[in-house]
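These notes concern the structure reproduced below.
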There are 2 protein chains.
Amino acid sequence: MSEAKSRKPLADSLAVHDQVYEAIRQALITGRIAPGVGVSLRSLAAELGVSPMPVRDAVRRLVAERALAINPANKRLSVPSLTADRLDQLSQARLWIEPELAARAAPHADAALLKRLRELDAAVDDALKLGDVDAYMTANHDFHFALYERAGAEVLLAMAGGLWLQIGPFMRVVFGRVGADGLVADRHAEAMQALKAHDAEGARRAIAADLSEGMDKMRVAVEAGR
Amino acid sequence: MSEAKSRKPLADSLAVHDQVYEAIRQALITGRIAPGVGVSLRSLAAELGVSPMPVRDAVRRLVAERALAINPANKRLSVPSLTADRLDQLSQARLWIEPELAARAAPHADAALLKRLRELDAAVDDALKLGDVDAYMTANHDFHFALYERAGAEVLLAMAGGLWLQIGPFMRVVFGRVGADGLVADRHAEAMQALKAHDAEGARRAIAADLSEGMDKMRVAVEAGR
DNA sequence: CACCGCAAACTGTGATCACAATTTACAGCG
DNA sequence: CGCTGTAAATTGTGATCACAGTTTGCGGTG
């Protein structure tokens with residue numbers, strides 16, 4: 001990471017600290033960094049091949065989003081550990097925000113959105129069949145947020161994004177314990193049907209049911225693994 | 001800011017970037033930095049008498065919390081502007097989270113909490129009588145969060161904190177337009193009564209009513225000032 | 001007086017160094 | 001073999017510099 005390089009050739013494209021943020025975010029969501037273990041700025045920097053500076057920026061952001069925790073005593077970084085209490089709060093918050101976003105998106109659902117959702121739902125099914133955890137989580141995430149984006153509610157959308165980031169590690173735990181075929185009951189079709197009819201309350205119910213089932217499975221997995 | 005200084009004499013106390021964070025946060029909440037205007041790292045640093053470095057950390061955090069916005073084109077910082085749409089989303093989120101926190105706190109309400117709440121409510125009344133905007137906002141904030149802290153729900157509490165930070169500038173607008181005596185109807189007494197009886201639903205209703213009235217006044221002020 | 005153009009100032013970003021605090025490793029003693 | 005004290009390595013934090021892109025200011029030209 002110490003060779004001479006072209007420094008900062010691009011202006012409009014994303015900055016290095018954003019790439020680092022995304023890299024750590026993905027590592028967190030897919031569970032590549034296990035909860036409870038400590039990380040350090042320099043080790044992350046070395047691993048990603050950048051200087052500690054952009055890592056520092058990215059970590060600051062992740063800490064603000066509660067995706068990383070910082071020990072107030074020795075100021076050392078770590079991945080927040082998974083507790084039933086934390087999961088309960090995250091579940092409840094998700095169960096309010098995400099159905100709300102789905103309901104707000106329903107009036108603006110058009111053919112292009114439904115097409116995209118069908119594609120993503122197919123990707124979800126494929127990943128489930130193959131047992132590909134990473135692919136499932138990515139596709140599932142994309143499905144939900146392709147929908148939520150249409151709500152045109154930037155503030156709520158950001159809150160939902162923060163919640164997914166915090167709940168990512170829990171998902172990995174579920175897969176590690178019950179396997180990918182543990183959560184198949186597909187409410188996505190139900191949601192898409194409601195969207196096609198511009199049925200806001202139907203979309204709200206479908207997403208609520210989808211989340212509720214998933215979170216229940218997570219709760220079982222977390223309590224069992226204690 | 002360039003004189004020789006003792007550097008970093010304290011370990012357990014709060015770091016410089018945390019002090020800077022708190023300073024900017026207060027400036028934002030009390031409306032000392034008007035929405036829409038641009039700020040810069042170096043100007044903030046000079047104003048606070050520190051190097052740009054801790055300011056950078058604090059700003060990173062505030063941007064993640066959506067208390068500051070960053071123009072994606074020229075990457076310049078600014079305070080988010082107040083729109084009716086944003087207020088609507090923030091209102092809705094607050095109206096779910098904060099009553100929930102109040103309800104969760106009710107079972108754990110003890111004499112010490114009620115004493116503290118009475119003091120803070122008195123401070124709120126005093127500030128209203130004197131027309132002291134800063135004091136009102138501080139006391140009102142402290143009242144709500146002294147209560148919310150007792151819920152023992154760290155995740156939800158942090159979400160509520162983020163929402164107050166985003167809604168702070170709106171409050172200042174309300175005061176600027178309708179004056180401090182515009183929002184007097186005191187639901188705090190109602191809330192405290194419910195807490196004393198460990199009545200979770202009563203506390204939920206009282207806080208919801210308190211918020212609802214305040215947010216309605218803000219909506220009127222924002223729409224009128226457009 | 002209006003408009004263009006260029007230079008100076010200012011912006012965020014990243015790298016590098018310094019420093020104090022903590023953690024880790026290990027040699028020496030019991 | 002176990003404990004302890006000390007030195008080395010590692011940590012987060014802050015300061016300073018370099019750099020490229022953007023904005024701002026101002027002088028000259030039409």
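Below, read A as the first sequence line, B as the second, and so on, with proteins coming before strands; counting in each chain starts at 1. Everything quoted here is computed from the prediction, not taken from an experiment.
- The CG atom of Asp18(B) sits 15 Å away from the P atom of dG12(D) (whole-angstrom rounding).
- Residue Ser40(A) places none of its side-chain N or O atoms closer than 4.0 Å to OP1 or OP2 of dT10(D).
- For Arg60(B), a side-chain nitrogen or oxygen approaches OP1 or OP2 of dT13(C) to under 4.0 Å.
- Comparing dT22(C), dG14(D), dG14(C) by their closest approach to the side chain of Arg76(A) singles out dT22(C).
- Judged by the 6.0 Å and 45° rule, Arg94(B) forms a cation-pi pair with Trp164(B).
- A donor-acceptor contact under 3.5 angstrom links the side-chain atoms of Arg56(B) to the base of dG14(C).
- Put simply, the residue from Leu157(B), Leu101(B), Leu113(B) that forms a side-chain contact (heavy atoms from CB on, under 4.5 Å) with Glu149(B) is Leu157(B).
- Rounded to whole Å, the distance from CG on Leu48(A) to P on dA15(C) is 12 Å.
- Atom-to-atom, CZ of Arg42(A) to C1' of dT16(C) comes out at 11 Å; the value is rounded to the nearest Å.
- Distance CG (Leu62(B)) to P (dG12(C)): 14 Å, rounded to an integer number of Å.
- Put simply, OH on Tyr21(B) is 16 Å from P on dG14(D), counting in whole angstrom units.
- The aromatic ring centres of His17(A) and Tyr21(A) sit 6.0 Å or more apart.
- In this entry the distance linking CG of Leu44(B) with C1' of dC10(C) reads 14 Å, nearest Å.
- For the pair Asn74(A) and dG12(D), the criterion of a side-chain N or O lying under 4.0 Å from OP1 or OP2 is not met.
- Between the CG atom of Asn71(B) and the P atom of dG12(C) there is a distance of 11 Å, rounded to whole Å.
- Set against dG14(D), dG12(D), dG14(C), the side chain of Pro54(A) has dG14(C) as its closest nucleotide.
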TODO: Applying side-chain hydrogen bond (donor to acceptor under 3.5 Å, both in side chains), run through Trp96(A) and Gln92(B) and close with a yes or a no.
DONE: CA-CA 11 Å; Trp96(A) 177 77; Gln92(B) 208 166 340; over 6 Å; no
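- Across Gln89(B), Arg66(B), Arg86(B), a single residue satisfies side-chain hydrogen bond (donor to acceptor under 3.5 Å, both in side chains) together with Glu154(A), and that is Arg66(B).
- No contact: Val55(A) has no heavy atom under 4.0 Å from any strand.
- Of the candidates dG12(D), dT16(C), dT16(D), dT16(C) carries the atom nearest the Met53(A) side chain, counting heavy atoms from C-beta on.
- For the pair Lys75(A) NZ and dC19(C) P, the interatomic distance rounds to 18 Å; values are reported in whole Å.
- Residue contacts shown for Val39(B) are limited to sugar-phosphate atoms, with no base heavy atom under 4.0 Å away.
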